[in-house]
Chemist: 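Once you've had a glance at the structure underneath, I'll fire off some questions.
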Amino acid sequence: EKLRYSVSWRLLPAGHAEIVLSQDRAAAGRLRVTGKAQSVGYVSNIYKVEDEYQSTFRNQPLCSTGLHKVIKEGGRHRDVKLDFDAQARAARVEEKDLKTGATVRNAQFPTPACVHDILSALYYVRARPLSVGQIIDVPINDGSKTIQLRVEVQAEEDVKTELGVIRSEEHTSE
C-alpha cells in the first residue's frame, strides 16, 4: 500500500509526504511502514525538511517493535532509534546528532506490553471497524513517556481521489 499526500501552508505548496506499507523481509509476521516528508518551494527556503521514518510492528495485534527516524529539519539533523520490548515492557531510545556523530540521548522508559509509534498507531486505527461516536485510546511512545492518544470518530465523509469519489456508505459496507 502506498499513500501520497500534498502538504499546503496558507495556500502555498509546502511539501510532499508518502507512506508505504509492506511485509518486513527481516522477520515473518511483521509489517514495515516507511514514511517520508519533504518540504518544497518557498517553504523549503524558510525551513527545509527531509524526514524519513521507518516503523516495524507485529501483524497481529499491530503492536510496534521499533521506529527509526532520520530527521533533517532546518539545522537539526538527528538519527533516532526506538526499540520496544513487549516482554520487558520497556522502550529504549538512542539519538545521535548526524552533524557531529555525538550521542545526544540514550535512555529507557517503561511502556505497556502493546505500545505504538506514530506510524503503527495510524495502521492500528485504520484496521479497526469505526463508527461515529466511537472513542479509541491508543498508547503511543516516541522515545519518552508513553501517552494515551484519544481518537474520536466524529463523522463519515466522502473521500475525493484522483480515481473518483469514495462514498462513506461504500467504505463502511466492506
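In this chain, numbering begins with 1 at the start of the sequence shown.
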Chemist: Distance-only criterion, 3.5 Å: show the donor-acceptor pairs between side-chain atoms of residues 83-93 and protein atoms not counting sequence neighbours.
Modeler:
from	atom 1	to	atom 2	distance (Å)
Asp85	OD1	Gln87	N	3.1
Asp85	OD1	Ala88	N	3.0
Arg92	NH2	Asn106	OD1	3.4

Chemist: Could you check if a side-chain atom of Phe57 sits within less than 4.5 angstrom of a side-chain atom of Val33, using non-hydrogen atoms only?
Modeler: yes
Chemist: Roughly how far apart are Arg126 CZ and Leu21 CG, rounded to 0.5 Å?
Modeler: 8.0 Å
Chemist: Side-chain contact test, heavy atoms from C-beta onward, threshold under 4.5 Å: evaluate it for Thr146 versus Phe109 and give yes or no.
Modeler: no
Chemist: With Gln54 as reference, evaluate Val70, Thr34, Val20 under the side chain to side chain contact (heavy atoms under 4.5 Å, CB included) test and give the passing residue.
Modeler: Thr34
Chemist: Honestly curious: do Leu122 and Ile136 fall in one hydrophobic cluster under the side-chain, below-4.5 Å linking rule?
Modeler: yes
Chemist: Got a sec: does the NZ of Lys99 have more than 12 other heavy atoms crowding it under 6.0 Å?
Modeler: yes
Chemist: Identify whether Ile140 and Ile71 are in the same connected component of the hydrophobic contact network (ILVMFWY, side-chain heavy atoms under 4.5 Å).
Modeler: yes
Chemist: Mind checking what makes side-chain hydrogen bond (donor to acceptor under 3.5 Å, both in side chains) contact with Lys81, not counting sequence neighbours?
Modeler: none
Chemist: Can you measure from CG (Leu31) to CG (Leu62) and round to the nearest 0.5 angstrom?
Modeler: 7.0 Å
Chemist: Using the rule given for side chain to side chain contact (heavy atoms under 4.5 Å, CB included), can you reason through Val43 versus Val49, listing the C-alpha separation, both sets of side-chain angles and the distance that settles it, and then say yes or no?
Modeler: CA-CA 9 Å; Val43 171; Val49 172; over 6 Å; no
Chemist: Between Glu152 and Arg150, is the closest basic N to carboxylate O distance under 4.0 Å?
Modeler: no
Chemist: Test your reading of the model: is there a side-chain donor-acceptor pair from Ser64 to the backbone of Gly66, 3.5 Å cut-off?
Modeler: yes
Chemist: Name all residues meeting the ring pair (Phe, Tyr, Trp, His ring centres under 6.0 Å) criterion together with Tyr124; count only those two or more places apart in sequence or in a different chain, and write none if there are none.
Modeler: His116
Chemist: Would Val40 end up clustered with Trp9 when hydrophobic side chains under 4.5 Å apart are linked, directly or stepwise?
Modeler: no
Chemist: Could you tell me whether the side chains of Ser55 and Asp117 share a donor-acceptor contact shorter than 3.5 Å?
Modeler: yes
Chemist: Working to the nearest 0.5 Å, report the span between CD of Gln154 and CD1 of Ile135.
Modeler: 9.5 Å
Chemist: Are the side chains of Asn141 and Leu67 in touch, meaning some heavy atoms are under 4.5 Å apart?
Modeler: no
Chemist: Can you see which heavy atom on Gly101 is nearest to which on Lys96, and at what distance?
Modeler: O-CD, 4.3 Å
Chemist: Taking atom OG1 of Thr111 and atom CG of Leu82, what is their separation to the nearest 0.5 Å?
Modeler: 9.0 Å
Chemist: I'd like to check Tyr53 versus Ile19 (side-chain heavy atoms, cut-off strictly below 4.5 Å). Are they in contact?
Modeler: no
Chemist: What is the distance from atom NZ of Lys72 to atom OG of Ser39, rounded to the nearest 0.5 Å?
Modeler: 12.5 Å
Chemist: Is it the case that atom OH in Tyr42 sees more than 12 heavy atoms from other parts of the structure closer than 6.0 Å?
Modeler: no
Chemist: Taking the side chain as everything from C-beta on, heavy atoms only, tell me whether His68 gets closer than 4.5 Å to Asp79.
Modeler: yes
Chemist: Between Asp51 (side chain) and Gln38 (backbone), is there a donor-acceptor pair under 3.5 Å?
Modeler: no
Chemist: Is a salt bridge present between Asp97 and Arg78, judged by a nitrogen-to-oxygen distance below 4.0 Å?
Modeler: yes
Chemist: Is any side-chain heavy atom of Asp142 closer than 4.5 Å to one of Ile118?
Modeler: no
Chemist: If two hydrophobic side chains count as joined below 4.5 Å and joins carry through other members, does Val138 share a cluster with Ile147?
Modeler: yes
Chemist: Taking the side chain as every heavy atom from C-beta outward, state whether Thr65 and Arg58 have any pair of such atoms under 4.5 Å apart.
Modeler: yes
Chemist: How close do Arg30 and Gln23 get, counting heavy atoms only, and between which atoms?
Modeler: O-OE1, 3.6 Å
Chemist: Side-chain heavy atoms under 4.5 angstrom apart, residues restricted to Ile, Leu, Val, Met, Phe, Trp, Tyr: same cluster for Tyr5 and Leu12?
Modeler: no
Chemist: Measure across Ser6 and His16 and return the closest heavy-atom pair with its distance rounded to 0.1 Å.
Modeler: OG-ND1, 4.2 Å
Chemist: Considering only heavy atoms from C-beta outward, does the side chain of Cys63 approach that of Pro61 to under 4.5 Å?
Modeler: yes
Chemist: How close do Ala26 and Arg32 get, heavy atom to heavy atom, and via which atoms?
Modeler: CB-NH2, 4.5 Å
